[in-house]
Amino acid sequence: VARSAAGLEVAVPQGLRLLWSAFAARPHLPINKHRLSSLRPLTTEASLVRSPGMPVVDVDGRGEVVLVNETGACRRIATALLEEPEVAVDLEGVNLGRAPGRACILTVCVSNGTTYAFDITVMQQRAFDAGLHQLLRSRRVRKVLFDARKDADALLHNHGTQMREAYDLQVLYHALFQPRSPRLPSLKNALSDYLRIAGKSSDLDQVEQTKRNGLAMFL
C-alpha cells in the first residue's frame, strides 16, 4: 500500500514543481516569484527520511517518497516544512470535497524532490492537529497547487483548515496563456504545452511513467 500510494501521488507534486518554474520565470506576473532551483532543502531532511519504521520509496532515482502514518513523525516533518519558503501540495481522496467525500492522502513536495505522503486515512484529524493545520495555514510557506477547488473544500469543511498563501497554477496558467478559453486546463495539458515549448518533453514522459508505475502496483 505504501508503494502504491507513494508511486502514484508523487507524480502530481513533481509536475507542479515543473510548471511553477515556468511561472516563476515570467517577470510580469503579479506574484512573489522564486525559482525552484534557488530553494534550500530541509535542514533536518536526513534524520526525517531515515527515521526507524518510516517507509521510504525511491522514485526512479529522482527523489524519495516518505510515507507518514504516525502522528509523532507527522509533527516533526510538518514543523520542519514550516522552514521551507515554498512547497507543492496535492490532496487525493474518495469523492474529494466536503462530506460525504473524504481525504485519503496529502502529499507535500519540497525543492530537492523529496515528497512526504501524509496518510490521512490512518491518522484522520490527528494529522491536522499534529502540524498539518499549522503548515497549511502558514503565511510564511507558499503552497503551490493545481486545481485546488476540491482540495480546499475538503480541507475547510471536513478538517477545519483554510489554506493561506496558496497559489493555484491552473488559474494562473489560464489567465496567462488561455484567457479566452471557456475551460480551465488540465495538469497534463498545461505541462505538455510548457515542456514542448521549453524543449523538455522528456520531463513529462518521466512524470507519466511515474504515474504508470504507481498504477501497476495496485492488485
Side-chain angles (χ1 to χ4, degrees), residues 1 4-6 8-20 23 29-32 65 67-69 71 74-75 77-78 81-82 84-110 115-179 181-191 207 211 214-215:
V1 175
S4 299
L8 182 60
E9 298 308 326
V10 71
V12 175
Q14 288 183 345
L16 290 179
R17 289 177 62 246
L18 287 171
L19 190 57
W20 179 243
F23 285 103
L29 282 179
I31 55 178
N32 187 11
V65 178
L67 179 65
V68 186
N69 56 11
T71 53
C74 180
R75 189 178 303 279
I77 293 173
L81 288 170
L82 286 171
E84 287 286 306
E86 190 168 80
V87 296
V89 176
D90 183 54
L91 182 67
E92 295 295 333
V94 177
N95 297 320
L96 190 62
R98 66 190 69 185
R102 57 187 174 89
C104 295
I105 187 167
L106 176 73
T107 48
V108 179
C109 185
V110 296
T115 300
Y116 298 95
F118 297 90
D119 193 334
I120 308 302
T121 298
V122 170
M123 295 185 288
Q124 298 290 318
Q125 183 63 29
R126 299 190 305 276
F128 296 91
D129 297 338
L132 291 184
H133 178 80
Q134 183 182 5
L135 173 64
L136 294 170
R137 286 179 55 85
S138 172
R139 294 189 184 278
R140 294 183 301 169
V141 184
R142 181 181 300 104
K143 274 72 67 176
V144 182
L145 305 97
F146 192 96
D147 191 1
R149 291 170 292 182
K150 291 184 178 180
D151 302 49
D153 191 43
L155 289 170
L156 177 61
H157 293 282
N158 298 349
H159 299 285
T161 299
Q162 184 175 22
M163 282 191 293
R164 294 174 177 169
E165 196 67 17
Y167 286 85
D168 192 328
L169 294 188
Q170 185 182 54
V171 176
L172 290 172
Y173 188 93
H174 183 271
L176 184 61
F177 297 112
Q178 301 175 342
S181 174
R183 295 183 178 182
L184 293 171
S186 67
L187 176 60
K188 181 177 180 179
N189 288 342
L191 275 174
V207 172
K211 185 172 183 178
L215 289 171

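Here the structure is a predicted model, which is why all the values come from computation and not from measurement.
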Discussion item. Would the distance check show the side chain of Asn69 and the main-chain N or O of Asp119 forming a donor-acceptor pair, the cut-off being under 3.5 Å?
Written reply: no
Worksheet entry | Verdict with reasoning, Met163 to Leu91, per side chain to side chain contact (heavy atoms under 4.5 Å, CB included) | CA-CA 12 Å; Met163 282 191 293; Leu91 182 67; over 6 Å; no
Item to complete: Measure from the side-chain N and O atoms of Asp153 to the backbone N and O of Arg98, and report whether any donor-acceptor pair falls under 3.5 Å.
Response: yes
Practice prompt. For Thr71, enumerate each residue passing the side chain to side chain donor-acceptor pair (under 3.5 Å) test, keeping only those at least two apart in sequence or located in another chain.
Written response: none
Worksheet item: If you take all heavy atoms of Asp168 and Ala148, which pair is closest and at what distance?
Response: OD2-N, 2.9 Å
Fill in: Rounded distance (nearest 0.5 Å) linking atom CG of Leu155 with atom CZ of Arg137
11.5 Å
Item to complete: Output yes when a side-chain donor or acceptor of Gln124 lies under 3.5 Å from a complementary backbone atom of Thr121, and no otherwise.
Response: yes
Item to complete: May I ask you to decide if Pro185's main-chain N or O and Gln170's side chain share a donor-acceptor pair within less than 3.5 Å?
Response: yes
Worksheet item: Hey, does the side chain of His174 reach the backbone of Ser181 with a donor-acceptor pair shorter than 3.5 angstrom?
Response: yes
Worksheet item: With distance as the sole test, does Asp147 use its side chain to make a donor-acceptor pair with the main-chain N or O of Leu187 at under 3.5 Å?
Response: no
Practice prompt. Using the test side chain to side chain contact (heavy atoms under 4.5 Å, CB included), find all partners of Val94 that sit at least two apart in sequence or belong to another chain.
Written response: Arg102, Cys104
Worksheet, complete the sentence: To the nearest 0.5 Å, atom CG of Leu145 lies from atom CG of Leu169 at 8.0 Å
Worksheet item: Mind checking what makes ring-ring contact (aromatic ring centres under 6.0 Å, His included) contact with His133, not counting sequence neighbours?
Response: none
Worksheet, complete the sentence: Of all heavy-atom pairs linking Val87 and Val110, the shortest is CG1-CG1, 4.2 Å
Worksheet item: Taking all atoms of both residues into account, what is the closest heavy-atom pair of Leu96 and Asp151, and its distance?
Response: CD2-OD1, 4.0 Å
Item to complete: For Ala78 and Ala130, work out which heavy atoms get closest and say how close.
Response: CB-O, 4.2 Å
Discussion item. Between Lys143 (side chain only) and Ser138 (backbone N and O only), is there a donor and an acceptor less than 3.5 Å apart?
Written reply: yes
Practice prompt. Taking side chain to side chain donor-acceptor pair (under 3.5 Å) as the test, write out the residues that go with Asp129, two or more places apart.
Written response: none
Fill in: Student check: side-chain heavy atoms of Leu106 and His159 closer than 4.5 Å
no
Fill in: Value rounded to 0.5 Å, distance of CD in Glu165 from CG in Leu136
13.0 Å
Response to the item:
dist Phe146:CZ -> Leu191:CG (nearest 0.5 Å) comes out at 7.5 Å
Worksheet item: How long is the span from the CD atom in Glu92 to the CD1 atom in Ile120, to the nearest 0.5 Å?
Response: 12.0 Å
Worksheet item: Got a sec: does the CG of Asn189 have more than 12 other heavy atoms crowding it under 6.0 Å?
Response: yes
Worksheet entry | With sequence neighbours excluded, residues passing ring-ring contact (aromatic ring centres under 6.0 Å, His included) with Phe118 | none
Item to complete: State, yes or no, whether a side-chain contact exists between Leu132 and Cys74 at a heavy-atom distance under 4.5 Å.
Response: yes
Worksheet, complete the sentence: Between Ala154 and Gly97, the two heavy atoms sitting closest are CB-O, 3.6 Å
Discussion item. Could you check whether any side-chain N or O of Asn158 sits under 3.5 Å from a backbone N or O of Ala99, counting only pairs where one atom can act as donor and the other as acceptor?
Written reply: yes
Worksheet item: Counting only heavy atoms not in Gln134, do more than 12 sit closer than 6.0 Å to its CD atom?
Response: no
Worksheet entry | Results of side chain to side chain donor-acceptor pair (under 3.5 Å) for Gln162 - residues two or more places apart only | none
